[in-house]
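Here the structure comes first, spelled out in structure tokens, and everything after it is commentary.
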Amino acid sequence: MAKQRKEKREKRKGEVTYSAESYSFFENVWDVARLVPKGRITSYGAIARYLGTGRSARMVGWAMNAVDKVTPKVPAHRVVNSQGLLTGKHHFKTPTLMQELLEKEKIKVKDDQVVDFKTLFWDPMKELG
DNA sequence: AGTATGACTCATT
DNA sequence: AAATGAGCCATAC
């Protein structure tokens, strides 16, 4: 029994097996995240709102937590919180990776906060809808 | 099965 | 202007 459970777990890790609803939700989150242009950023809440789930920004965070398990890759580093703060940096391979990736795209970061956040902000509602 | 926990956000104080 | 509380809802334990 324990073995079965373990196998189930492994499978889960490798694939994306959520309930039908959350499955599409996660997929949508990733899709939107992938649409964020290089050198721009967006926020969890913006994605949530674009998907119509309004206040479930936390779930967007959960979706980001799962980007390891999914392809093509999702530029999770381009998703920050509503203030432009790099709140998710501890979930990257190294705590500094997120900032490094951003700086690679000419996005300046100071004290874990994106400089010119307002200017660089990419709103899916505006850009897509 | 119920509680705790977030890569969040908004309103209120 | 900074701190606090409440809403959010899928996972983890």
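Nothing here was measured: the structure is a model prediction, and the numbers come from that model. To find a chain, count down the sequence lines: A is the first, B the second, and so on, and within it residues start at 1.
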Rounded to whole Å, OH of A/Tyr44 lies from C1' of C/dC8 at a distance of 16 Å
Leading and trailing nucleotides of DNA chain B with any atom under 4.0 Å from heavy atoms of chain A: B/dG6 to B/dC10
Less than 4.5 Å apart, side chain to side chain, heavy atoms only: is that true for A/His77 and A/Lys89? no
Provide, to the nearest angstrom, the distance between the CZ atom belonging to A/Phe25 and the P atom belonging to C/dT11. 10 Å
Roughly, in whole Å, what's the span from CE in A/Met64 to C1' in C/dC9? 16 Å
Can you name the one residue among A/Leu97, A/Leu120, A/Ile107 that meets side chain to side chain contact (heavy atoms under 4.5 Å, CB included) with A/Leu102? A/Ile107
Is the shortest distance from a Lys or Arg side-chain nitrogen in A/Glu105 or A/Arg40 to a carboxylate oxygen in the other one below 4.0 Å? no
For DNA chain B, the residues among residues 71-101 of chain A that have a non-hydrogen atom under 4.0 Å from it: A/Ala76, A/Asn81, A/Ser82, A/Thr87, A/Gly88, A/His91, A/Phe92
side-chain hydrogen bond (donor to acceptor under 3.5 Å, both in side chains): which pairs involve residues 44-53 of chain A, sequence neighbours left out? A/Thr53-A/Ser56
Quick one: label A/Ser43 by what it contacts on the DNA or RNA (base, sugar-phosphate, nothing), any heavy atom closer than 4.0 Å. sugar-phosphate
Evaluate the criterion side-chain contact (heavy atoms from CB on, under 4.5 Å) for residue pair A/Met98 and A/His90; output intermediate values, then yes/no. CA-CA 9 Å; A/Met98 187 176 189; A/His90 289 307; over 6 Å; no
Any side-chain to backbone donor/acceptor pair from A/Asp123 onto A/Met125? Under 3.5 Å, distance only. yes
Can you confirm whether A/Phe117 sits close enough to A/Gln83 that some side-chain heavy atom of one is under 4.5 Å from a side-chain heavy atom of the other? no
Could you tell me if the side chain of A/Arg78 sits less than 4.5 Å from the side chain of A/Thr42, heavy atoms only? no
